Structures are given as structure tokens and as C-alpha cells.
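The structure displayed is predicted, hence computed values, not measured ones. Quick note on labels: first sequence line is chain A, next is B, and so on, each numbered from 1.
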Protein chains: 2
Amino acid sequence: MTNHSATLDRAFQALADPTRRAILARLGSGPASVSRLAEPFTMAMPTLLQHIRVLEQGGLIGTEKVGRTRICALRPDALRETEGWLARQRAAWEGRLDRLDAYLLTMKDATDES
Amino acid sequence: MTNHSATLDRAFQALADPTRRAILARLGSGPASVSRLAEPFTMAMPTLLQHIRVLEQGGLIGTEKVGRTRICALRPDALRETEGWLARQRAAWEGRLDRLDAYLLTMKDATDES
DNA sequence: TGGTTACTAAGCCATATGACTAACCATTCC
DNA sequence: GGAATGGTTAGTCATATGGCTTAGTAACCA
């Protein structure tokens with residue numbers, strides 16, 4: 001449906017970096033603080049914080065300040081929209097709308113529960 | 001499975017631009033020459049060619065020189081891999097592997113036919 | 001052969017990105 | 001209160017990106 005260019009831009013841009021994808025993967029097992037997220041990486045904190053902001057602006061994660069720590073958590077919605085764009089494209093160029101239908105059912109399921 | 005960082009980097013990067021997504025959408029209805037793809041845009045040819053190269057390096061399209069024209073066509077494989085990464089993430093953070101299973105079945109279907 | 005068409009190459013420019021350091025809040029703990 | 005912890009701001013730097021122009025080269029057409 002909607003082809004929110006700017007939103008998709010930021011989402012895909014956010015995904016186009018291994019550090020940020022690793023952060024997302026890490027957040028898959030639950031929310032975490034910034035310093036917790038920084039642990040596996042060798043980079044300086046401000047650098048990592050920048051990545052976190054990119055993810056946030058891409059709508060992929062949400063953050064909240066709790067005391068002196070900032071907690072980061074996934075926001076499935078944007079990912080679902082991103083995935084939806086891909087699925088739509090794929091369905092189009094595979095010339096089989098039935099596959100899209102199947103996918104959209106999955107999406108609907110997931111949305112209903114969120 | 002595989003988490004080809006560099007490949008995903010380039011694929012997502014290629015998708016992070018509305019011009020390039022428009023090109024992909026256009027190619028959804030069949031292969032086209034560079035100048036054909038350029039028609040809807042106001043930008044100069046070299047600029048558009050650059051976008052095409054980004055798409056090609058991201059594995060999303062393939063091109064072939066035919067006489068003096070270059071024909072561009074979609075390459076569903078990379079998109080499927082990209083979509084797969086997203087689906088895997090979503091499945092993980094939704095804590096429901098059954099949904100991933102359903103998705104992988106779809107993928108398998110599509111691959112069998114390609 | 002000579003012109004037009006379709007792409008390519010080279011180089012320039014402005015802005016964005018990803019990294020760093022150093023310094024600065026704002027909690028929390030002793 | 002003073003120190004440690006967790007994050008943030010500001011500023012620098014190198015490279016990448018996305019746009020342009022100008023000038024080619026390689027088919028095809030008359």
C-alpha cells in the first residue's frame with residue numbers, strides 16, 4: 001500500500017550496517033542498556049550510541065531513559081513494514097499474487113497480536 | 001543460516017534509496033534498458049547509471065550488454081536472502097519459531113521453481 | 001561515410017556517514 | 001560530599017554517496 005519513501009529509506013539504511021544488524025539480533029533476546037549492547041564491540045561508546053540513534057530514527061528500536069541508563073528494545077512494526085515491501089516486490093516479479101496473499105495473512109496474524 | 005555481512009550490507013544499502021527502489025519496482029514488470037529505466041526520472045544519465053551499478057553490486061539486478069544497449073533484469077535470489085534475514089529476525093523476536101517455519105516453506109517453494 | 005543513439009569514463013562538488021577523542025552532565029554508591 | 005558509573009555533547013577527520021558536467025566510445029542507421 002503505502003510506499004513511505006523516507007521511512008523505508010531510514011529503515012533500510014539502518015539495516016545496511018553489520019554493527020546495527022548485530023545490535024538488532026542482540027535485542028532479539030530482550031531489551032538491553034546501551035553499555036550492555038556495547039560489550040561485544042571494540043568501538044568507542046559515542047560511536048555505538050550513534051548507531052543506536054540511527055536504529056531509533058529508522059523506527060527499528062525504541063529507547064527509554066531509566067535512571068542513568070538507557071534501555072533499548074525492538075519495535076517490530078517498522079521491520080514488518082520493511083519486510084512487507086520486499087514481499088510485495090518479490091510477489092510482483094514472481095508474477096504470483098497468491099504468495100503475497102499468504103504472506104499478508106502472516107502479517108495480519110502478527111499485527112493482531114501486537 | 002549464513003549471515004554474509006558484506007552481501008547484506010550492499011543489498012540493504014542498495015534498497016535504502018527511493019530511486020533505486022523505483023527502478024526495482026519498474027523492473028518488476030520485466031527487463032529494461034538503461035535509457036528506458038531513466039525515462040521517469042529527471043536526473044542525468046550517469047547518475048542513474050551509478051544507481052544501476054549499486055543495484056548490481058548489491059546483487060539485486062543483473063545486466064547484460066546487447067549491442068549498444070544494456071539490459072537490466074531482476075535477480076530474485078538476493079532479495080530472497082535479504083527478506084530471509086528480516087523474517088528470521090522477526091521470528092526470533094516474536095519468540096515464535098512456527099512463523100519462521102511457515103515462512104521458510106514459502107521460501108523453499110519459491111527456490112524450487114527458480 | 002557520417003550522424004545519431006546509447007552508454008561510459010573522468011572529474012568535480014556538497015553533504016552524509018562512521019569512526020575517534022576529550023570534555024561534560026547526571027545518577028548511584030561509599 | 002566525593003568518586004565511580006553510564007551516558008551524552010561537541011568537535012575533528014577520512015571516506016562514501018549522490019548529484020552534476022564534459023567528453024568520450026561503440027553500435028546502428030541513412
Which atom of B/Met45 lies closest to which atom of B/Ala38, heavy atoms considered:
SD-CB, 4.0 Å
Any base atoms under 4.0 Å from B/Thr19, or only sugar-phosphate, or nothing? Heavy atoms, all strands.
nothing
For B/Glu81 and B/Arg88 the tightest heavy-atom approach is O-NH2, 4.4 Å
Just to be sure I understand the rule, does A/Arg36 reach a base, reach only the sugar-phosphate, or reach nothing, if contact means heavy atoms closer than 4.0 Å?
nothing
Verify same cluster id: A/Leu79, A/Leu74 (apolar side-chain graph, 4.5 Å):
yes
A/Glu56 CD to D/dG7 P, straight-line distance once rounded to whole Å:
14 Å
Working to the nearest 0.5 Å, report the span between CD of B/Gln13 and CG of B/Leu55.
11.0 Å
Between D/dG18, C/dT4, D/dG6, which one does the side chain of A/Ser35 approach most closely?
D/dG6
note: B/Lys65, atom NZ; D/dT25, atom P; distance rounded to Å ~ 14 Å
Rounded to whole Å, CZ of A/Phe41 lies from C1' of C/dC20 at a distance of 17 Å
Specify the residue among B/Val54 and A/Ser33 whose closest nucleotide of DNA chain D lies further upstream toward the 5′ end.
A/Ser33
Taking the side chain of A/Arg68 as heavy atoms from C-beta outward, which of C/dT27, C/dT4, C/dC7 is closest to it?
C/dT27
Side-chain N or O of B/Arg70 less than 4.0 angstrom from OP1 or OP2 on C/dT8?
yes
So what does B/Thr47 hit on the nucleic acid, given a heavy-atom distance under 4.0 Å: a base, only sugar-phosphate, or nothing?
base
Would you say D/dG18 has OP1 or OP2 under 4.0 Å from some side-chain N or O of B/Arg20?
yes
Between D/dG6, C/dA9, D/dT9, which nucleotide has the shortest distance from any of its atoms to the side chain of B/Pro46?
C/dA9
Tell me the interatomic distance from B/Met45, atom CE, to C/dA9, atom P, rounded to whole angstroms.
12 Å
A/Glu83/B/Arg90 ion pair, N-O < 4.0 Å
yes
Just compare C/dT27, C/dT8, D/dG18 and give me whichever is closest to any side-chain atom of B/Gln13.
D/dG18
Does D/dT9 have OP1 or OP2 sitting under 4.0 Å from an N or O in the side chain of A/Arg53?
yes
Distance in angstrom units between A/Met43 CE and C/dT17 P, rounded:
16 Å
note: A/Asp9, atom CG; C/dT17, atom C1'; distance rounded to Å ~ 15 Å
Rounding to a whole Å, what distance do you find between B/Leu48:CG and C/dA9:P?
15 Å
5' priority, DNA chain C, between A/Val66 and A/Gln50 [closest heavy atom]
A/Gln50
Nearest to the side chain of A/His51 - C/dG18, C/dT5, D/dT21?
C/dG18
Would you kindly give the CG-to-P distance between A/Leu49 and C/dA22, to the nearest whole Å?
19 Å
Could you check which of D/dT8, C/dT21, C/dC7 has an atom nearest any side-chain atom of A/Ala44?
C/dT21
Rounded distance (nearest 0.5 Å) linking atom CG of B/Leu15 with atom OG1 of A/Thr82
10.0 Å
